[in-house]
S.K.: 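Shown below is the structure under consideration.
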Amino acid sequence: MSTLHAPILDWYAAHQRDLPWRRPEASPWSVMVSEFMLQQTPVARVLGPHEAWLTRWPTPAALAAEPTGEAVRAWGRLGYPRRALRLHAAATAIVERHDGEVPAAYEDLVALPGVGDYTASAIASFAFGRRHVVLDTNVRRVLARAVSGVEFPTTAPTRAERDLATGLLPDEAPVAAEWAVAVMELGALVCTAKSPDCGACPVRDQCAWLLAGRPAYDGPPRRGQAWDGTDRQCRGRLMAVLREAHGPVHVSSLVAAWPDHVQRERCLASLLADQLMVQVGDETYALP
DNA sequence: GACTCGTGGGG
DNA sequence: TCCCCAAGAGT
């Protein structure tokens with residue numbers, strides 16, 4: 001084990017957040033729901049919807065028994081509502097393939113809708129204590145700084161990066177699982193993207209980036225996310241109208257939400273194709 | 001590999 | 001205010 005492990009594991013024991021999906025009584029399903037919601041959405045905004053979700057649908061079977069539109073509505077304003085559809089589809093697959101129990105094996109998990117390498121590893125590790133490299137944006141940033149000495153990781157994980165993370169993974173599964181969540185938490189709370197709190201970092205005396213004087217990022221420009229006037233904004237507006245309505249809505253409501261005809265029609269078509277909404281009449285639309 | 005896909009909070 | 005971005009996945 002490198003000298004990174006003990007300090008980070010000790011730091012985690014002392015500073016970890018008390019999150020619902022981390023409690024001993026949390027079910028694998030609770031962990032899975034949290035991982036879907038946390039894909040690109042901050043913890044603070046996930047807490048409320050996660051609790052409501054687990055109360056309403058305590059099991060995959062409970063969710064699978066409902067129309068997908070109910071999942072989309074309960075998703076609320078977490079963003080990227082296709083995740084709600086995928087979570088519903090994953091719950092359905094769990095009922096069909098795994099007798100309603102969230103599978104523990106990576107291969108079974110990654111075969112589920114909406115579950116990629118990160119989410120499969122996270123569920124296997126956090127919910128079942130299995131040994132997996134959990135390579136999320138936090139972990140990648142911590143390793144980039146502490147080991148590689150650069151401020152930010154590359155756009156996509158490289159082979160070398162994965163090898164590095166694999167090499168750091170403790171041998172014993174329970175320790176590996178604790179290590180995975182500890183490094184992630186360090187990235188989320190201390191080694192943050194914007195203004196890292198290096199003074200509070202348990203590995204500040206061995207961080208390559210800090211020892212180098214925190215050199216400025218020197219890679220390709222990281223492009224920001226355009227928003228104003230984009231299809232994503234348009235889709236979001238249209239979906240908000242349907243979420244907030246209790247039944248089918250007339251096109252006039254959608255026109256009011258997004259006046260531009262061409263873009264509205266394009267987004268409407270894409271939302272129908274995504275099955276995030278359905279047409280229920282000549283001029284009325286609803287959640288599926 | 002580059003793009004797309006929502007939302008709202010903090011610096 | 002404006003910009004950055006937060007536990008990714010699918011195409």
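So that the names make sense, note that chain A is the first sequence line, chain B the second, and so on, each numbered from 1.
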S.K.: Would you say the side chains of A:Ser270 and A:Arg235 form a donor-acceptor pair under 3.5 Å?
M.R.: yes
S.K.: Please work out if A:Ala193 contacts a base, only the sugar-phosphate, or nothing of the nucleic acid, heavy-atom cut-off 4.0 Å.
M.R.: sugar-phosphate
S.K.: Would you indicate what A:Leu87 reaches in the nucleic acid, counting non-hydrogen atoms under 4.0 angstrom: base, sugar-phosphate, or nothing?
M.R.: nothing
S.K.: What's the shortest heavy-atom distance between A:Leu168 and A:Trp179, and which atoms?
M.R.: O-NE1, 3.8 Å
S.K.: For the CG atom on A:Asp218, are there more than 12 heavy atoms of other groups (residues, nucleotides or ligands in this structure) within a distance under 6.0 Å?
M.R.: no
S.K.: Across the strands shown, which category fits A:Arg17 at heavy-atom distances under 4.0 angstrom: base, sugar-phosphate, nothing?
M.R.: base
S.K.: I'd like to know if A:Phe126 and A:Leu19 are part of one continuous hydrophobic network [Ile/Leu/Val/Met/Phe/Trp/Tyr, side-chain heavy atoms within less than 4.5 Å].
M.R.: no
S.K.: Whole Å only: how far is the CD atom of A:Glu35 from the C1' atom of C:dA6?
M.R.: 13 Å
S.K.: Let me know the distance between CE of A:Met37 and P of C:dA9, rounded to the nearest Å.
M.R.: 16 Å
S.K.: Once you apply a heavy-atom cut-off of 4.0 Å, does A:Val115 come out as touching a base, just sugar-phosphate, or nothing?
M.R.: sugar-phosphate
S.K.: Which whole number of Å gives the distance between the P atom of B:dT4 and that of C:dA7?
M.R.: 22 Å
S.K.: Take A:Thr137 and A:Pro113, find for each the nucleotide of DNA chain C with the closest heavy atom, and name the residue whose nucleotide sits nearer the 5' end.
M.R.: A:Thr137
S.K.: OP1 or OP2 of B:dG1 less than 4.0 angstrom from a side-chain nitrogen or oxygen of A:Thr155, does that happen here?
M.R.: no
S.K.: To the nearest angstrom, how far is A:Leu112 atom CG from C:dG8 atom P?
M.R.: 18 Å
S.K.: Given the P atoms of B:dG6 and C:dC3, what is the spacing between them in whole Å?
M.R.: 22 Å
S.K.: Under 4.0 Å between any heavy atoms, over every strand shown, what does A:Trp21 touch: base, sugar-phosphate, or nothing? Just pick one.
M.R.: base
S.K.: What string of B, S and - do you get for nucleotides 6-11 of chain B 5' to 3' if you count protein non-hydrogen atoms under 4.0 Å?
M.R.: BBS-B-
S.K.: Starting at CG of A:Asp274 and ending at C1' of B:dT4, how long is that distance when rounded to a whole Å?
M.R.: 10 Å
S.K.: Any idea which heavy atoms bring A:Tyr217 and A:Glu151 closest together, and the distance?
M.R.: N-OE1, 3.0 Å
S.K.: Quick one: A:Arg140 CZ to C:dA6 P, roughly how many Å, whole number?
M.R.: 13 Å
S.K.: For A:Glu70, is there an ion pair with A:Arg56 - N to carboxylate O distance below 4.0 angstrom?
M.R.: yes
S.K.: Return the value, rounded to whole Å, for the distance between atom CE of A:Met32 and atom C1' of C:dG8.
M.R.: 14 Å
S.K.: Could you tell me the separation between the CG atom of A:Leu135 and the C1' atom of C:dA6, rounded to a whole number of Å?
M.R.: 16 Å
S.K.: Expressed as a whole number of angstroms, how long is the span from A:Asp136:CG to C:dG8:C1'?
M.R.: 10 Å
S.K.: Would you kindly say whether A:Tyr80 and A:Arg232 are connected by a side-chain donor-acceptor distance under 3.5 Å?
M.R.: yes
